Amino acid sequence: MKLRSERLPRACSAQPAPEAAPPTRGRPGTAPGGSPGLAASRPTLEEVEELLAKRRGGGDPLACFLKGQLYYEEGLYEEALVQFEKIKDTDFQAMYQLGVMHYDGLGTKEDPERGVEYMKKILHSDSLKARHLKFAAAYNLGRAYYEGCGVKQSTKEAERLWLIAADHGNPKASVKAQSTLGMLYSLSVLKDLKKAFFWHSEACGNGNLESQGALGVMYLYGQGVRRNTKAALECIREAAERGNTYAQGHLVEYYYNRKFYSTAAALAKRIADNDDIASLAEITDCLPTYVAKGVAMAAFYLARCLQLGRGVQQDQAAAKEYYSKACLLDPAVASDLELAANLGRI
């Protein structure tokens, strides 16, 4: 299970002023495609930099952090690092971002030990200014222990920290920790599907897209909960509409098994042809592993439709390509589906 860092929780006092809205990189009043009007109200990067320089000159204590955050969100990590380094001893948000950047190697060489050090400082701080960051810091420390990066690997310690971060399902705590606990309790080491269902339910109720898809699959197959096809389809369809690729793959499987071959093939093609796993994971904030599983499922079922001429014109060459794509994306998923096909189940 390859995890992702928790995004910076926002404190009300750290929000940019309206005039410091997310910038465009084009000319003022010009949309990204070059036509005027569509981005007329959005300043350019240079304009926001100028605004923040004025705010800093006027003594605004947040200006330096906001400049670093501007660069961070624009993917200018080296520039962001410089800004955060200037204020890390007095600004816990800057310290948090530095922890993420050192752990993940953003704008600097990976240094997980340093990343862990910053997160521990935040978690154990008595400062009120660190309070809104503690749940996220606990999640990130749990990730470090789970992955064994910067600290000695310990799934038990990861579980303990994630339980702190999840805070009994508190919507203001780390919803990512709640979802991650759902994933953790679905794995063989600490497998407890009732706990997995509980945590995915909490995370889903707090808006987590990944858990919404997982919850639908658990309802569909009766994992940790009584089987409920109606509830399963509600979760899976809504998660699929919101961009959860894992849910989309299972929706393809559902349509195929119900013999809605045209619908299954059309949906499967849209999913399988968009196979930039890293980009999909970034956009949806879902785990790359499960994004790949969803695309692999779609590719396999599309290949099956093409091979047998179900819902689409038969095309053996295209079928072979999509079978290969499924195998490359997730060999285990492809192997399980191939066995089901050989046994005549699909």
Side-chain angles (χ1 to χ4, degrees), residues 1-10 22 73 100 104 135-136 138-140 142-143 146 162 165-187 193 195-221 223-225 228-255 267-268 270-299 329-330 333:
M1 183 167 67
K2 179 64 176 173
L3 301 174
R4 300 165 62 84
S5 293
E6 178 81 277
R7 290 172 179 168
L8 176 72
R10 296 295 183 110
E73 292 176 358
V100 169
D104 290 333
F135 291 128
Y139 165 81
N140 288 332
R143 177 194 175 194
Y146 183 81
W162 286 336
D167 194 35
H168 307 286
N170 178 0
K172 294 183 179 179
S174 172
V175 177
K176 185 182 283 291
Q178 295 162 13
S179 180
T180 303
L181 283 167
M183 298 293 183
L184 181 69
Y185 292 129
S186 299
L187 301 175
L193 292 178
K195 285 185 178 180
F197 179 80
F198 170 81
W199 283 111
H200 278 312
S201 296
E202 294 296 302
C204 178
N206 291 328
N208 185 272
L209 176 57
E210 184 120 62
S211 281
Q212 186 176 35
L215 203 62
V217 174
M218 295 186 84
Y219 272 124
L220 189 62
Y221 297 109
Q223 298 172 340
V225 66
N228 186 330
T229 304
K230 182 180 178 181
L233 288 176
E234 285 178 3
C235 284
I236 290 173
R237 280 177 174 151
E238 187 172 336
E241 287 173 4
R242 293 174 63 199
N244 184 318
T245 312
Y246 186 62
Q248 292 170 353
H250 280 278
L251 195 57
V252 168
E253 184 173 63
Y254 176 79
Y255 288 142
L267 177 59
R270 287 201 301 273
I271 300 164
D273 287 349
N274 185 13
D275 59 357
D276 186 344
I277 304 302
S279 177
L280 288 169
E282 179 67 28
I283 291 167
T284 61
D285 199 25
C286 290
L287 295 177
T289 301
Y290 285 89
V291 173
K293 286 181 184 295
V295 180
M297 288 179 71
L329 287 167
D330 193 310
V333 165

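Reckoned from all heavy atoms, side chains included, excluding hydrogens, waters and symmetry mates. These figures come from a predicted structure and were not determined experimentally.
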Task: Atom pair OG/CE of Ser201 and Met218 - distance to nearest 0.5 Å - done: 8.0 Å
Task: Exercise: identify the closest heavy-atom pair between Leu3 and Arg143 - done: O-NH2, 3.3 Å
TODO: Taking all heavy atoms of Leu193 and all of Ser186, pick out the closest pair and write down the distance.
DONE: CD2-CA, 4.2 Å
TODO: Indicate the atoms forming the closest heavy-atom contact of Ala166 with Ala177, along with that distance.
DONE: N-CB, 3.9 Å
TODO: Please round to the nearest 0.5 Å and tell me the distance separating atom CD1 of Ile236 and atom CG of Leu251.
DONE: 7.0 Å
Open item on the list: Please verify the inter-ring angle class for Tyr139 with Trp162; under 30° counts as parallel, over 60° as perpendicular, anything in between as tilted.
Closed with: parallel
Task: Polar side-chain atom of Gln248 near backbone of Ala240 as donor-acceptor pair, under 3.5 Å - done: yes
Open item on the list: Could you check whether any side-chain heavy atom of Leu215 comes within less than 4.5 Å of a side-chain heavy atom of Phe197, counting everything from C-beta outward?
Closed with: yes
Open item on the list: Between Tyr254 and His250, is the ring-ring contact (aromatic ring centres under 6.0 Å, His included) condition met? List the steps.
Closed with: CA-CA 6 Å; Tyr254 176 79; His250 280 278; over 10 Å; no
- [ ] State, to 0.1 Å, how close Ile277 and Ala292 come at their nearest heavy-atom pair, and which atoms those are.
- [x] CD1-CA, 3.8 Å
Open item on the list: For Glu238 versus Gln212, what's the shortest heavy-atom pair and its separation?
Closed with: CD-NE2, 3.3 Å
TODO: Hey, could you give me the OG1/CD distance between Thr245 and Glu210, rounded to the nearest 0.5 Å?
DONE: 9.5 Å
TODO: Could you tell me whether a side-chain N or O of Ser179 sits under 3.5 Å from a main-chain N or O of Val175, the two making a donor and an acceptor?
DONE: no
- [ ] Compare all side-chain heavy atoms of Arg4 with those of Pro288 and state whether any distance is below 4.5 angstrom.
- [x] yes
Task: Lys/Arg N to Asp/Glu carboxylate O, Asp167 vs Lys172, below 4.0 Å - done: no
Open item on the list: Among Asn140, Asn206, Asn208, Asp285, which residue satisfies the side-chain hydrogen bond (donor to acceptor under 3.5 Å, both in side chains) criterion with Lys176?
Closed with: Asp285
Open item on the list: Ignoring hydrogens, what is the shortest heavy-atom contact between Gln178 and Trp199? Give both atom names and the distance.
Closed with: O-CB, 3.3 Å
- [ ] Any chance you could measure Asn244, atom CG, to Tyr290, atom OH, to the nearest 0.5 Å?
- [x] 11.5 Å
TODO: Output, in order, the C-alpha distance, side-chain angles, deciding distance and verdict of side chain to side chain contact (heavy atoms under 4.5 Å, CB included) for Glu234 and Tyr219.
DONE: CA-CA 10 Å; Glu234 285 178 3; Tyr219 272 124; over 6 Å; no
Open item on the list: What I'd like to find out is whether the side chain of Tyr146 reaches to under 4.5 Å of the side chain of Thr180, using heavy atoms alone.
Closed with: no
Task: Asn274 side, atom CG; Ser279 side, atom OG - distance, nearest 0.5 Å - done: 7.5 Å
